[in-house]
Number of protein chains: 2
Amino acid sequence: MITVKELAKLCNCSVATVNRALNDRPDINNQTKERIKQVAKEHGYRPHFIARSLATGNTNIIGLIVLDIKNPFFEHIIDYLNQRLLERGYSLHLGIMDGSPESEYRVFEQLAYMKVDGIIHVPLNVGDAYKTYLKQLHIPLVHLCNWYDDEFPFVGVEESQIIAEAVQHIQQAGYTELIYVSPPLRYKGSRNLYTLEERLKGVQDSIGDMKLHVLDTKDYLQKSIELVSQSHERSCFLCSSDIFALDIMTQMRALDMTPPKDYGIIGFDNITFLKHISPRLTTIAYPVEELIDHALEELLLMIQGKQCISKHILKAHFIPGETI
Amino acid sequence: MITVKELAKLCNCSVATVNRALNDRPDINNQTKERIKQVAKEHGYRPHFIARSLATGNTNIIGLIVLDIKNPFFEHIIDYLNQRLLERGYSLHLGIMDGSPESEYRVFEQLAYMKVDGIIHVPLNVGDAYKTYLKQLHIPLVHLCNWYDDEFPFVGVEESQIIAEAVQHIQQAGYTELIYVSPPLRYKGSRNLYTLEERLKGVQDSIGDMKLHVLDTKDYLQKSIELVSQSHERSCFLCSSDIFALDIMTQMRALDMTPPKDYGIIGFDNITFLKHISPRLTTIAYPVEELIDHALEELLLMIQGKQCISKHILKAHFIPGETI
DNA sequence: TTGTAAGCGTTATCAA
DNA sequence: TTGATAACGCTTACAA
């Protein structure tokens, strides 16, 4: 691996001049610049990221913390953010959690150690210690999809409105009972469930005279069967993730019950795999690309030192299917 | 961010001693060590990865190049490798391609720039230029699932054997025509298709007196319908990925054709989502964890300077379903 | 337009 | 058991 020092020797000039040439700085003679670049290319010079970062104090790496790489919801986010970052000369470092809130701290330590320039994440922990922790990291942060505290920039979705829209569809389809399925709600108190609770509030506010059940336990599959088979109402599930909805549909199919004949069901996320599921699951899609665009814009501003703690609330979309 | 220099001042000692204390080196008085560690903790000292890497010459980062983050096949690999690496004090950096073979070079440049200690990847390009390129990177490499050249360590799967097993199942089920579906085969000459071609060979060797069709074009969906509806044989698809199999099943369902009544079908990869698909897709599973274990072991040996270019060939598993 | 030299925060080799 | 000090490869004042 050839270094600037060696290049300087080869070109009979100083390392400063080599640096000017390689980084297209203005204060350099055009001929010497071309000459140096030529020599650099011939010798396969590659800038040394580590040395450069140590000198400049920044890595041009952005961290994205992913709750669960197995959740297809993140596919699109990762792919799109990666593209946008490359365009802007940054690269992406994925912080992979194992699903537990404690692992969020482990991933933060890793990203802090790696000196990433900024982090986009879905805040999962809760409490003052968490806030203190996030602040002492001294890393620009943008919170995605799950509001935690107004001291951090946030990019998310207007939940109550899209929920109201979904509930309206459910009512119009003649259902008399709504079952809100969101097992993670059982972690109330120990995890940040802002978004899931917003959705629940949205349901409560718009439910009118329909009956409401909330399934927030681990055995939601079993419970959902009991509810539908024992109830004399026309029941419709509203699930906080397509994953839960698919689990229910699969389980119900084993009992020969399919939507919308025997029950209704709506998911969340519009994951790619739905195209293979019949009947087509009615779901709600997040504007992933817009979310990422805003989050990235916000983060880059912070990295440039422009402290603009803002809040972007975008709109989700109702995706009609065949299950209500 | 407090540094070793500042810690040294606080402790009335030299940076060398601080370093000895923080890294648990033997040549240091136990009391001073504890004292320094205490002060470091009080001041929230975090080692500076960048500076350390510059000094030691290694990053303790391993790169994994992923063809397509959207392909669920990689979920398991990423998750498992990440776990194993953490246990060993390494961290994982994902290199994300956009599906094109050219982007493989872009990702390699990125990982080389980041000075990762080693890379696990599925070699996708082909030709002597590729080989020259990989060698001049001077980064330990392990090739996964797709053999390219004996000069690189390889961890993969015995393809012909598992294919023979699948073909036998197909024959026993009474099919008289086998359709091997592997659209990427159309890139023959410009991409490394070793594994896909091994599978094809496996099919040819074990097919006996069944008819054989190979679908290696982009319009394989259309072609597959034509084949099944025009043929007077009992046709069974063998797809080089569950994704292709699901695409075919979904398309067929629209024409009211389902396996195993109207045709047979077998996939590859045993992706998680199959549990939601009915009838259950018969498929073939790679021993992902074993693959990664071997690949990692091999890579770490190379990083330690032990040049052991070896070849590990593992066994895949036939996963019976309801589609043949 | 060019060169000199002082960092950046560690590690590691000596010598004490 | 400790301390000085020279790397590591690059950037960036400042001086020429």
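Below, chains carry the letters A, B, ... as their sequence lines are ordered, and counting in each starts from 1. As the structure is a prediction and not an experimental result, all values here were calculated from the model. Note: hydrogens, waters and symmetry copies are ignored here, and every other heavy atom, side chains too, is used.
The side chain of B/T32 contributes an N or O atom lying less than 4.0 Å from OP1 or OP2 of D/dT2. Phosphate proximity of C/dT2 to A/T17: absent, as no side-chain N or O sits under 4.0 Å from OP1 or OP2. Taking side-chain N and O atoms only, B/R52 has no distance below 4.0 Å to OP1 or OP2 of C/dG9. Dashed line: the shortest gap from a side-chain N or O of A/N19 to OP1 or OP2 of D/dT12 is not under 4.0 Å. The phosphate of C/dG3 (OP1 or OP2) has a side-chain N or O of A/S14 nearer than 4.0 angstrom.
Residue order along DNA chain C, read from the 5' end via each residue's closest nucleotide, puts B/H48 first among B/D27 and B/H48. Nearer the 5' end of DNA chain D, as judged by each residue's closest nucleotide, is the contact made by B/N30, out of B/N30 and A/A55.
The distance between atom CD1 of B/I50 and atom P of C/dC8, rounded to the nearest whole Å, is 16 Å. Atoms CD (A/E6) and C1' (D/dG9) sit 10 Å apart, rounded to a whole Å. Separating the CD1 atom of A/I28 from the P atom of C/dT2 is a distance of 6 Å, rounded to the nearest angstrom. Rounded to whole angstrom, the span from the NZ atom of A/K33 across to the P atom of C/dT2 amounts to 11 Å. Atoms NZ (B/K5) and P (D/dA4) sit 13 Å apart, rounded to a whole Å. Whole-Å rounding puts the B/R25 CZ to C/dT10 C1' distance at 11 Å. Atom OH of B/Y45 is separated from atom C1' of C/dG9 by 7 Å (rounded to the nearest Å). The nearest whole Å value for the distance from the CG atom in B/N12 to the P atom in D/dG3 is 9 Å.
You'll find that the side chain of B/T3 is closest to C/dG9, out of D/dT2, D/dG9, C/dG9. Closest to the side chain of A/V15, from the set C/dT10, D/dT11, C/dA12, is D/dT11.
Partner A/V155 forms a side-chain contact (heavy atoms from CB on, under 4.5 Å) with one of A/I120, A/V142, A/I313 and no other, that one being A/V142.
A/N29 comes within contact range of the sugar-phosphate backbone alone, with a heavy-atom separation under 4.0 Å but no base atom that close.
The pair B/E34-B/K41 does not meet the salt-bridge criterion, since no charged nitrogen lies less than 4.0 angstrom from a carboxylate oxygen. Ion pairing between a basic and an acidic side chain is recognised when a charged N comes within 4.0 Å of a carboxylate O; B/R84 and B/E289 show no such pairing.
Taking CD1 from B/I309 and NZ from B/K306, the interatomic distance works out to 15.5 Å, rounded to the nearest 0.5 Å.
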Can you give me every donor-acceptor pair (side chain of residues 65-72 of chain B, partner residue at least two apart or in another chain, under 3.5 Å) with its distance?
{"residue": "B/D68", "atom": "OD1", "partner": "B/K70", "partner atom": "N", "Å": "2.9"}
{"residue": "B/K70", "atom": "NZ", "partner": "A/D79", "partner atom": "OD2", "Å": "3.1"}
{"residue": "B/N71", "atom": "OD1", "partner": "B/F73", "partner atom": "N", "Å": "2.9"}

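For D/dG3, its base sits under 3.5 Å from the side chain of B/R20 at one donor and acceptor pair at least.
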